[in-house]
Amino acid sequence: MGTRDPRVSAYIAGSAPFAKPILTRLRAVVHRTCPKVTETIKWGFPHFMYEGMLCSMASFTRHCAFGFWKGRLIVRAGGVKTKEAMGQFGRIEALADLPSKKLLANYVKQAMRINEADVASPTRSSRKPKPPVKVPADLQKALKRHPQACAVFEAFTPSNRREYVEWLTEAKTDETRARRLATAVEWMAEGKSRNWKYQNC
């Protein structure tokens with residue numbers, strides 16, 4: 001059985017009046033079509049998960065957006081009205097802008113089958129891997145003096161390490177860099193990633 005995240009309910013409740021019926025319908029179609037779907041909030045807006053990322057929706061000041069994680073494999077060009085926006089359905093400003101419930105359900109079913117087959121995303125799988133992050137000398141020295149922070153840093157994923165390194169190297173002054181270095185070591189000693197403040201938002 002799928003799950004509904006209260007944060008998604010709060011997101012819909014806090015959206016503009018025009019957006020609430022749009023988001024409510026999208027949510028209902030996804031759940032009805034994929035009973036095992038689970039909800040979460042990623043990057044500040046609702047996502048639906050089934051065997052990985054399935055689809056997401058968002059509301060803005062004057063429009064909503066909806067899209068599939070592997071949308072290029074699901075929604076063919078010309079099949080829907082497109083006004084430039086996030087996702088594959090353009091700017092959704094009213095319920096009338098949505099595809100029919102039946103068509104939306106068909107898209108959800110296609111997305112489910114693609115995820116079940118573990119098909120790679122055509123846009124994301126083609127990206128070249130980033131080179132290994134080069135740890136600056138001042139960070140290396142600081143980590144040697146703090147074994148706990150060093151152990152956490154070593155256990156981090158490459159992207160987590162890169163976030164800390166880029167935060168340090170982007171400092172405009174030596175004073176800012178020194179302050180960030182001290183904060184980074186403190187956070188790492190506590191097991192925190194660079195963006196830990198936003199992970200539970």
Side-chain angles (χ1 to χ4, degrees), residues 2-15 36-61 65 67-73 85-87 111 114-201:
T3 60
R4 291 179 182 258
D5 191 322
R7 295 175 299 170
V8 174
S9 299
Y11 183 94
I12 295 172
S15 296
K36 293 183 179 179
V37 76
T38 60
E39 298 178 342
T40 188
I41 296 287
K42 289 180 179 287
W43 303 297
F45 55 93
H47 282 67
F48 300 94
M49 311 294 291
Y50 173 77
E51 302 288 335
M53 294 264 225
L54 190 72
C55 53
S56 63
M57 63 184 187
S59 68
F60 302 95
T61 306
F68 293 94
W69 187 245
K70 299 171 183 175
R72 280 192 180 179
L73 300 175
M86 182 176 75
I114 287 169
N115 278 7
E116 288 166 351
D118 199 24
V119 177
S121 168
T123 55
R124 291 168 180 83
S125 59
S126 61
R127 291 180 181 172
K128 294 180 180 178
K130 292 183 178 180
V133 65
K134 185 175 180 181
V135 182
D138 55 350
L139 178 56
Q140 288 180 12
K141 289 178 184 177
L143 291 173
K144 283 181 182 178
R145 292 193 300 268
H146 298 84
Q148 178 64 29
C150 184
V152 171
F153 185 80
E154 291 298 325
F156 272 154
T157 63
S159 61
N160 281 335
R161 291 182 205 160
R162 188 180 305 279
E163 286 169 357
Y164 268 118
V165 169
E166 289 178 350
W167 189 46
L168 285 176
T169 56
E170 288 168 359
K172 299 289 191 255
T173 66
D174 292 341
E175 181 183 350
T176 300
R177 182 165 177 145
R179 188 167 57 249
R180 288 184 180 181
L181 179 59
T183 301
V185 170
E186 179 185 342
W187 284 352
M188 282 187 273
E190 295 172 358
K192 296 174 178 176
S193 66
R194 160 73 182 94
N195 294 309
W196 64 271
K197 292 181 180 179
Y198 312 105
Q199 288 176 340
N200 294 319
C201 291

Write down the atom of Ile114, the atom of Lys70, and the distance for their closest heavy-atom approach.
CG2-CD, 3.6 Å
For a quick test of reading the model, state the closest non-hydrogen atom pair linking Asp5 to Ile41 and the distance between them.
OD2-N, 4.4 Å
To the nearest 0.5 Å, how far apart are [atom1] in [X] and [atom2] in [Y]?
X      : Y      : atom1 : atom2 : answer
Leu181 : Asp174 : CG    : CG    : 11.5 Å
Leu54  : His47  : CG    : NE2   : 10.5 Å
Ser193 : Tyr164 : OG    : OH    : 6.0 Å

Non-hydrogen side-chain atoms of Pro136 and Val165 separated by less than 4.5 Å:
yes
State, with a plain yes or no, whether a side-chain heavy atom of Met57 is found less than 4.5 Å away from one of Tyr11.
no
Give me each pair satisfying salt bridge (charged side-chain N to carboxylate O under 4.0 Å, His left out) with a member in [range], each pair once, sequence neighbours excluded.
range            : value
residues 141-156 : none
residues 39-54   : Arg27-Glu39
residues 181-190 : Glu190-Lys192

Taking only residues two or more places apart in sequence or in another chain, which ones pass side-chain contact (heavy atoms from CB on, under 4.5 Å) with Thr157?
Ser159, Asn160
Which residues satisfy the side-chain contact (heavy atoms from CB on, under 4.5 Å) test with Ala189, sequence neighbours excluded?
Gln148, Ala149
[X]: partners by side chain to side chain donor-acceptor pair (under 3.5 Å), with sequence neighbours left out:
X      : result
Thr173 : Thr176
Thr169 : none
Tyr50  : Glu116

Between [X] and [Y], is there a donor-acceptor pair closer than 3.5 Å when you use the side chain of the first and the backbone of the second?
X      : Y      : result
Arg180 : Trp167 : yes
Asn115 : Met53  : yes
Arg161 : Phe153 : yes
Gln140 : Val135 : yes

Qualifying residues under salt bridge (Lys or Arg N to Asp or Glu O under 4.0 Å), relative to Arg177, sequence neighbours excluded:
Asp138
Going by salt bridge (Lys or Arg N to Asp or Glu O under 4.0 Å), name the residues that satisfy it together with Arg179, two or more places apart in sequence or in a different chain.
Glu175
